[in-house]
Amino acid sequence: MTDHPTPKLNTWCHIEILGKTEDQTKQLQSFYGDTFGWKFQHVPEMNYTLYSTAEGGIGGGSFTLPEGENPGCLVNYISVEDIDASCAEIEKNGGATVMPKKEVPGAGWMAWVKDPADNLFALWKQS
C-alpha cells in the first residue's frame, strides 16, 4: 500500500482525513473502514496512516493535527509539476498559501493553500 503510482498532473490525487484527537482519528479510520471497506496501513516512521479505497479510487492518509491547527475538514490534494510555481499562481489569482512547501521524506513535497472563497486544499509533487 505504501507504493503509489505517479498521479496525473493537475488532478485530485490524495485525500487526508484529519482527526482532532488520536481517539477521534482512530474512530474515523474505523468509520471509513467499516462503512466503505477501506484498508488502513500505519507508517510508524511518519506517524501517519495510509488508506486505500476501492480499486482505481483515490487513496490518502489519516492523522491527528496538533490542537488548534485542525481545520475540521478533509484535505484534498492536487498533483502539480512545481509547488512553488503553483503557490505563486494561486496567490496571483486571489488564493493564499496556508502552509508553505514541506518535504515528505521519501515521498515528495506538499503545501496547503486556499482558493479565493477560503476553501482549503493542498498541492502535491511526488518525488
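Predicted model only: the values in this text are computed from it and were never measured.
Considering CH2 of Trp109 and OG of Ser127, their distance stands at 5.0 Å, rounded to 0.5 Å. Rounding to the nearest 0.5 angstrom, the gap separating the CG atom in Leu74 from the CD1 atom in Ile15 is 7.0 Å. With values rounded to the nearest 0.5 angstrom, Leu18 atom CG is found 9.0 Å from Leu28 atom CG. Atom CD of Glu81 sits about 9.0 Å away from atom OG of Ser86, to the nearest 0.5 Å. Here the straight-line distance linking atom CG of Asn47 with atom CD of Glu22 works out to 6.0 Å at 0.5 Å rounding. In this structure, CG in Asp23 is found 8.5 Å from CD in Gln27, a value given to the nearest 0.5 Å.
For Lys101, the NZ atom is densely surrounded, since the number of other residues' heavy atoms within 6.0 Å is greater than 12.
Between Trp124 and Met110 there is a side-chain heavy-atom pair separated by less than 4.5 Å. With a 4.5 Å cut-off on side-chain heavy atoms, Trp38 and Ile17 count as touching. Considering only heavy atoms from C-beta on, His42 comes within 4.5 Å of Pro44 through its side chain. Side-chain atoms of Lys39 and Leu50, non-hydrogen and from C-beta on, never get closer than 4.5 Å to each other.
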Are Ile90 and Leu123 close enough, and set up right, to give a side-chain contact (heavy atoms from CB on, under 4.5 Å), and what steps lead you there? CA-CA 11 Å; Ile90 286 166; Leu123 305 175; 3.9 Å; yes
What's the verdict on side-chain contact (heavy atoms from CB on, under 4.5 Å) for Leu120 and Val98, showing C-alpha distance, side-chain angles and the deciding distance? CA-CA 8 Å; Leu120 177 70; Val98 176; 4.2 Å; yes
Between Lys125 and Asp82, does the salt bridge (Lys or Arg N to Asp or Glu O under 4.0 Å) criterion hold? Intermediate values first, please. CA-CA 7 Å; Lys125 168 66 176 153; Asp82 182 323; over 6 Å; no
Under the criterion side-chain contact (heavy atoms from CB on, under 4.5 Å), I'd like the reasoning laid out for Ile78 against Thr11: C-alpha separation, chi angles, the key distance, then a yes or no. CA-CA 5 Å; Ile78 296 176; Thr11 63; over 6 Å; no
Step by step, would you call Met99 with Val113 a side-chain contact (heavy atoms from CB on, under 4.5 Å)? CA-CA 7 Å; Met99 183 181 70; Val113 295; over 6 Å; no
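Gln126 and Ser79 are not linked by any side-chain donor-acceptor pair at a separation below 3.5 angstrom, with hydrogens and angles left out of the test. A donor-acceptor pair shorter than 3.5 Å cannot be found between the side chains of Tyr51 and Glu16.
Side chain of Thr97 to main chain of Pro100: no donor-acceptor pair is present (N/O by atom type, distance under 3.5 Å, no hydrogens or angles). Between the Thr35 side chain and the Tyr32 main chain, no donor and acceptor come within less than 3.5 Å of each other. Distance alone, capped at 3.5 Å, is enough to place a donor-acceptor pair between the Gln24 side chain and the Lys20 backbone. Of the possible donor and acceptor atoms, none in the side chain of Thr53 sits under 3.5 Å from a partner among the backbone N and O of Gly59. A donor-acceptor pair under 3.5 Å links the side-chain atoms of Asn93 to the main chain of Glu89, judged by distance alone.
Scanning both residues, Gly33 and Phe40, for their nearest heavy atoms gives N-CE1, 3.8 Å.
Note: Phe36 and Phe31 have perpendicular aromatic rings, judged against thresholds of 30 and 60 degrees for the angle between ring planes.
Side-chain heavy atoms closer than 4.5 Å link hydrophobic residues (I, L, V, M, F, W, Y) into clusters, and following such links, even through other members, never connects Phe121 to Leu9.
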